[in-house]
Student: 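Let me give you the structure first, and then I'll get to my questions.
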Amino acid sequence: LDEEGRARYGLRYVLYTSPPADIETPVDLDAVMGRPHLETVYDHAFEDRRVVILRIRDRAEMAGQR
């Protein structure tokens, strides 16, 4: 979820839902949201789940150039 993901795979956003899809490794949403290269652009708790969309900041933004 960093510059490599942006460059290699064209990733721009990360989607999180709770309860999450069947995954082997649990996700600590607070830890993910606390990463400086991720910006929360949507966070809503629906009746049966929470949906969070995070934008992956690029290197120039992280350096304060944008």
Side-chain angles (χ1 to χ4, degrees):
L1 302 178
D2 56 11
E3 189 67 27
E4 180 184 354
R6 287 180 58 87
R8 186 179 218 180
Y9 302 107
L11 298 178
R12 299 293 182 252
Y13 295 90
V14 175
L15 171 68
Y16 170 88
T17 63
S18 68
D22 294 332
I23 57 173
E24 293 181 18
T25 306
V27 175
D28 180 350
L29 182 58
D30 291 329
V32 172
M33 291 177 74
R35 294 183 181 204
H37 64 281
L38 297 176
E39 173 188 4
T40 302
V41 294
Y42 182 83
D43 186 350
H44 187 77
F46 293 93
E47 189 173 310
D48 63 338
R49 75 185 62 239
R50 181 176 179 189
V51 176
V52 178
I53 300 173
L54 303 148
R55 185 175 68 85
I56 304 170
R57 295 178 177 155
D58 64 23
R59 186 171 287 157
E61 288 178 287
M62 295 300 300
Q65 297 175 3
R66 282 194 197 177

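These numbers were taken from a predicted model, which means no experiment stands behind them.
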Student: Do Val52 and Ile56 belong together in a cluster built from hydrophobic side chains that touch within less than 4.5 Å?
Tutor: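 Per the 4.5 Å side-chain linkage, Val52 and Ile56 are co-clustered.
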Student: Are Leu54 and Leu11 connected in a single hydrophobic cluster, I mean Ile/Leu/Val/Met/Phe/Trp/Tyr linked by side-chain heavy atoms less than 4.5 Å apart?
Tutor: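 Linked within one cluster.
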Student: With under 30° as parallel and over 60° as perpendicular, where do the rings of His44 and Tyr42 fit, or are they tilted in between?
Tutor: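 Judged by the thresholds at 30° and 60°, the geometry between His44 and Tyr42 is tilted.
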Student: Assess whether atom OH of Tyr9 is packed by more than 12 heavy atoms of other residues, nucleotides or ligands within 6.0 Å.
Tutor: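 No, OH of Tyr9 has 12 or fewer neighbouring heavy atoms, counting only those of other groups under 6.0 Å.
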Student: Grouping I, L, V, M, F, W and Y whenever their side-chain heavy atoms are under 4.5 Å apart, do Leu38 and Leu15 come out in a common cluster?
Tutor: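 No.
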Student: Can you check whether Tyr16 reaches Val32 side chain to side chain, under 4.5 Å on heavy atoms?
Tutor: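 Heavy-atom side-chain distance check fails, nothing below 4.5 Å.
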